[in-house]
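Bear in mind that the values here come from a model prediction, so they are computed numbers and not experimental data. Counting from 1, the numbers follow the sequence of the chain as shown.
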Amino acid sequence: MGKTVRNDLQGLEISQKELQKLTNLPVKDELVIIINPLKEIGKTIVHKLKGSEGATVLFLSFAIFVFSYLILDILIKIFANWITIPSWMLLIILCFWGGGITQCGFYYWWRKRLKILKENMSHSLQILLNDVDRYNAVIKAIDINDQIEDAGNPEVNIKERAKVIAALKLTRDDLVRALKTERVLRENKNFILGNTELFANNLATLTAMQVTEQATEHGRLLNEALQIALDVQHEMKSLQSQSQDR
């Protein structure tokens, strides 16, 4: 979301880290491309070189390279004096070789985690994850709308904003509850429903808020929140039925 998110939106988005914690699965895990963090480091160094810290950064970068070169040169002379290529060239080759090995390690780890996710992915979990995406999309839409309003367009402000935020909070609670329940049922095949609070949801309150708000912008957002909540309720009932059938 935007850098200056309004206070009432903070903490509403369900992040990837939170989603992985709720499901205990590597949801939305992305392959780490080693060149990307190196690019970020490079951009940081270039940015600092242009600033007041330029001389210090340049000195430290040069010192690290020279130190690495000297260490490698000493190791070659002690343990591998049969190597004839220049030490600086060997340093470059080792950097590329090490980068390639590291990238292979990242790929192997990512494929392993992806396999774990596929093995544990159920129809209910897939629907809940889709609902999380829809929910986060609503948060993002509100944030973008706020940025447009802050840019000098007060006419796009969301009326009855408090109702929209309240509806989203209720929807978030239901999504979190459903994800927790799905995890419990998935990880405990013989689980017996004894915690009724896991299945209590706020759908009635959310519906009452939404009834008379169909035509307005905030009504559209309330309706989207309601639809997500209805999906969550359906999946919760499905999960309950699955548990009782076992």
Side-chain angles (χ1 to χ4, degrees), residues 1-7 9-121 125-126 129 132-133 136-137 139-140 143-144 146-147 150-151 176 179 183 186-187:
M1 292 196 296
K3 293 182 179 180
T4 55
V5 180
R6 293 190 184 180
N7 292 334
L9 287 182
Q10 291 181 3
L12 283 183
E13 184 180 29
I14 299 177
S15 65
Q16 178 190 5
K17 184 177 180 181
E18 183 179 5
L19 200 54
Q20 291 185 349
K21 183 178 180 180
L22 288 169
T23 61
N24 196 29
L25 290 172
V27 178
K28 300 184 183 300
D29 218 15
E30 295 183 355
L31 174 63
V32 177
I33 305 298
I34 194 171
I35 196 171
N36 291 336
L38 292 178
K39 283 181 180 180
E40 292 301 319
I41 294 173
K43 288 180 181 178
T44 303
I45 292 176
V46 171
H47 176 72
K48 290 190 175 183
L49 283 173
K50 294 179 180 179
S52 58
E53 302 175 338
T56 303
V57 173
L58 183 63
F59 172 77
L60 288 175
S61 300
F62 182 74
I64 290 172
F65 177 80
V66 171
F67 180 75
S68 301
Y69 168 77
L70 291 175
I71 292 296
L72 179 63
D73 189 58
I74 293 172
L75 291 175
I76 290 174
K77 289 179 179 179
I78 295 175
F79 300 105
N81 55 7
W82 47 270
I83 296 178
T84 57
I85 62 175
S87 298
W88 64 268
M89 187 179 295
L90 182 61
L91 179 61
I92 294 175
I93 293 173
L94 287 175
C95 285
F96 278 103
W97 181 80
I101 294 296
T102 303
Q103 184 62 67
C104 288
F106 283 144
Y107 179 76
Y108 172 78
W109 178 248
W110 175 72
R111 290 288 297 179
K112 185 177 180 180
R113 288 169 64 82
L114 193 62
K115 183 179 179 181
I116 293 173
L117 178 62
K118 287 182 177 180
E119 289 175 349
N120 289 276
M121 180 61 69
L125 179 57
Q126 184 62 65
L129 293 177
V132 170
D133 288 339
N136 284 337
I139 304 294
K140 178 66 175 177
D143 179 48
I144 292 174
D146 290 344
Q147 293 179 53
D150 293 340
V176 170
L179 289 166
R183 174 182 172 180
R186 172 168 34 87
E187 294 181 348

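- For CD of E30, the number of neighbouring non-hydrogen atoms (other residues, nucleotides, ligands) closer than 6.0 Å is 12 at most.
- Annotation: salt bridge (Lys or Arg N to Asp or Glu O under 4.0 Å) contacts of K28 (sequence neighbours excluded): D133.
- Partners of D150 by side-chain contact (heavy atoms from CB on, under 4.5 Å), not counting sequence neighbours, listed by chain and number: R6.
- Among residues two or more places apart in sequence or in another chain, the side-chain contact (heavy atoms from CB on, under 4.5 Å) test is passed with I71 by F67, L75.
- R113 meets the salt bridge (Lys or Arg N to Asp or Glu O under 4.0 Å) test with D29; sequence neighbours excluded.
- Under the 4.5 Å side-chain criterion, counting only non-hydrogen atoms from C-beta, V27 is not in contact with V132.
- The CG atom of D143 sits 9.0 Å away from atom CD of E13, with the distance rounded to the nearest 0.5 Å.
- Scanning both residues, L125 and N120, for their nearest heavy atoms gives CD2-O, 4.1 Å.
- By the side-chain hydrogen bond (donor to acceptor under 3.5 Å, both in side chains) test, Q126 is found to be paired with N130, residues two or more places apart in sequence or in another chain being considered.
- Counting heavy atoms from C-beta on, the side chains of I144 and K140 come closer than 4.5 Å.
- When every heavy atom of P26 is checked against every heavy atom of L117, the shortest pair comes out as O-CD2, 3.8 Å.
- Within the 3.5 Å criterion, the main-chain N or O of L25 finds no donor-acceptor partner in the side chain of R183.
- Applying the side-chain hydrogen bond (donor to acceptor under 3.5 Å, both in side chains) test to Q16 and every residue at least two apart in sequence or in another chain returns nothing.
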Please tabulate, for side-chain N and O atoms in residues 90-107, each donor-acceptor pair with protein atoms closer than 3.5 Å (sequence neighbours left out).
from : atom 1 : to  : atom 2 : distance (Å)
T102 : OG1    : G98 : O      : 2.8
Q103 : OE1    : I34 : N      : 2.7
Q103 : NE2    : V32 : O      : 2.9

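- Note that CD1 of I14 and NZ of K21 are 13.5 Å apart. Values are rounded to the nearest 0.5 Å.
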request  = Might you work through the side chain to side chain contact (heavy atoms under 4.5 Å, CB included) test for L114 and K118, ending with a clear yes or no?
outcome  = CA-CA 6 Å; L114 193 62; K118 287 182 177 180; 4.2 Å; yes
